[in-house]
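Here's the structure, in structure tokens; my notes come after.
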Amino acid sequence: MIRNLFDIAKRYKIATACVIILFLFVIISIFAPWLAPNDPVSVDLIHRLQRPSWKYPLGTDQLGRCTLSRLLYGARTSLGFASMIFVSSLGIGIVVGIIAGYKGGWLDAILMRFCESVMAFPNLVLVLGIVGVFGQGMLQLVVALMMVQWVYYARMIRNMVVSLKERTFIAAAKINGSSSWSIIRRHILPNILPSIIVIGTLEMGWAIMDISALSFLGLGIQPPTPEWGAMILEGKSFIRNQPQLMIYPGLMIFIVVMSFHTLGETLSEKLGVKRGL
């Protein structure tokens with residue numbers, strides 16, 4: 001088994017590198033309290049804007065907080081909330097997409113018209129409207145992004161189910177007396193799983209981008225909680241004299257998002273999955 005893993009790693013070097021990078025970020029986010037050299041929210045104005053040192057490996061920000069500690073905790077915040085948004089949105093999308101695609105008829109028409117009406121608006125506009133109604137905060141951000149994202153998953157999964165249910169093995173299962181739940185569980189879900197994996201790796205990157213963008217606009221994660229987009233916003237005023245305050249969190253976002261997208265594109269090619277609505 002170990003030899004097979006090494007063979008796969010050699011064959012798909014780029015995908016393997018992306019998996020390793022993402023795994024390291026997951027480890028960082030889990031063990032951030034033990035890896036961080038200092039308290040990420042402790043204000044120390046005496047040591048504000050310090051250069052890198054043994055105590056502060058990446059220096060301090062405008063409030064004297066350890067930049068490295070905030071980056072480590074920021075990984076926990078960004079990846080944690082992105083995962084929460086993705087799992088909840090995908091769960092709703094799978095249920096709605098399978099029901100609409102498998103049942104068809106008027107139920108399919110109503111659900112898809114609703115999805116199309118939501119998709120007619122730009123994502124950011126809808127999210128800004130929802131956040132404006134419910135207010136700023138972490139919970140509001142998660143709810144807003146979840147309410148916008150699930151329609152895309154539902155639409156894509158519905159199209160997959162519609163094409164699958166016309167296949168001969170589905171017809172054979174119906175003739176043999178299999179229930180709808182049995183057909184969905186044994187035939188439909190296993191066949192759409194590769195596409196769901198590809199969608200997941202790609203959309204996780206977009207979820208992190210959305211969280212960071214809204215935090216940069218001041219509508220997402222609120223201070224003093226460490227979050228990469230909020231750190232870029234806080235460092236914007238010091239871009240000339242202390243550009244690293246924006247470079248460090250921006251680099252973290254770039255690495256994670258590019259890893260997710262590269263992995264998703266590689267899986268899409270290797271698994272032969274076609275993306276689209």
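Everything numeric in this text was worked out from a predicted model, so none of it was measured.
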Of all the heavy-atom pairs spanning [X] and [Y], show the shortest one and how long it is.
X	Y	value
P37	L72	CD-CD1, 4.5 Å
S259	I21	OG-CG2, 3.5 Å
R65	S42	CG-O, 3.2 Å
I28	A75	CG2-CB, 4.2 Å
M112	A154	CE-O, 4.3 Å

> Any donor and acceptor pair, going by atom type alone, linking the side chain of R48 with main-chain N or O of G64 inside 3.5 Å?
Replying inline: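 Between the backbone of G64 and the side chain of R48 there is no qualifying donor-acceptor contact (under 3.5 Å).
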>> Using the rule given for side-chain contact (heavy atoms from CB on, under 4.5 Å), can you reason through D61 versus L49, listing the C-alpha separation, both sets of side-chain angles and the distance that settles it, and then say yes or no?
In response: CA-CA 5 Å; D61 64 5; L49 301 176; 5.5 Å; no
>> For R113, is the CZ atom crowded, meaning more than 12 foreign heavy atoms sit under 6.0 Å from it?
In response: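 Enclosed: over 12 neighbouring heavy atoms sit under 6.0 Å from CZ of R113.
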[atom1]-[atom2] distance between [X] and [Y], expressed to the nearest 0.5 angstrom:
X	Y	atom1	atom2	answer
E203	H261	CD	NE2	7.5 Å
R158	I98	CZ	CD1	13.5 Å
S212	M231	OG	CE	11.0 Å

> Can you check side-chain contact (heavy atoms from CB on, under 4.5 Å) on I211 and I85, steps first, answer last?
Replying inline: CA-CA 10 Å; I211 292 172; I85 293 166; 3.8 Å; yes
> So do the side chains of R76 and P33 get within less than 4.5 Å of each other, counting heavy atoms only?
Replying inline: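 In contact.
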